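Keep in mind it's a predicted model, so treat the numbers as computed, not measured. Computed from heavy atoms alone, side chains included, the values below leave out hydrogens, waters and symmetry copies.
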Amino acid sequence: YYDYALQDFEAAVQFLEKPAPIVFLKRGYCYYKLKNYPAAIQDFSQIVQYPDVRTEAYFFRAAALSQLSRPSAACQDWTVAAGQGMQAAA
């Protein structure tokens with residue numbers, strides 16, 4: 001499922017002049033579920049400045065960082081996500 005969704009989000013990034021931040025959030029989540037943590041981190045990092053997806057970007061970037069055994073960086077992102085109201089990060 002995620003590999004097919006990833007293809008769609010990659011096409012959107014390639015063909016849209018300026019993809020919406022949600023596209024990068026969804027593509028990053030697909031990368032995360034497919035265990036491509038560096039690619040997930042890259043997508044989440046691109047969108048942390050956008051208020052409509054910021055909390056989720058920090059949360060999932062933290063999860064990917066954790067999978068790469070980077071607990072300090074993960075903890076920082078989880079703290080930001082929790083501070084923005086994400087209960088799962090607390």
Considering all heavy atoms of both residues, which atom of [X] and which atom of [Y] are nearest to each other, and what is their separation?
{"X": "R54", "Y": "Q49", "result": "NH2-O, 2.9 Å"}
{"X": "A64", "Y": "A40", "result": "CB-CB, 4.4 Å"}
{"X": "V23", "Y": "A12", "result": "CG1-CB, 4.0 Å"}

Test C30 against every option in Y1, Y4, F9 by the side-chain contact (heavy atoms from CB on, under 4.5 Å) rule and name the one that passes.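 With C30 as partner, side-chain contact (heavy atoms from CB on, under 4.5 Å) holds for just one option, F9.
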Distance check, rounded to the nearest 0.5 Å: [X] atom [atom1] versus [Y] atom [atom2]?
{"X": "L6", "Y": "E10", "atom1": "CG", "atom2": "CD", "answer": "4.0 Å"}
{"X": "F59", "Y": "M86", "atom1": "CZ", "atom2": "CE", "answer": "5.5 Å"}
{"X": "L68", "Y": "I41", "atom1": "CG", "atom2": "CD1", "answer": "4.5 Å"}

State yes or no: do [X] and [Y] share one hydrophobic cluster built from I, L, V, M, F, W and Y residues joined by side-chain heavy-atom distances below 4.5 Å, directly or via other members?
{"X": "W78", "Y": "I47", "answer": "yes"}
{"X": "V53", "Y": "F44", "answer": "yes"}
{"X": "V48", "Y": "V13", "answer": "no"}

Using the ring of each side chain (for Trp, its six-membered ring), is Y2 parallel, tilted or perpendicular to Y29, with breaks at 30° and 60°? perpendicular
Y31 ring center within less than 6.0 Å of Y37 ring center: no
Under the side-chain hydrogen bond (donor to acceptor under 3.5 Å, both in side chains) definition, can you give me all pairs with a residue in residues 55-73, not counting sequence neighbours?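 Sorted result for residues 55-73: S45-R61, T55-Q84, R61-D77.
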For residues K26 and I22, determine if any side-chain heavy atom of one lies less than 4.5 Å from a side-chain heavy atom of the other.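 Counting from C-beta outward, K26 and I22 do come under 4.5 Å.
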Step through the shown structure and confirm whether more than 12 heavy atoms of other residues, nucleotides or ligands are within 6.0 Å of CD on Q42. no
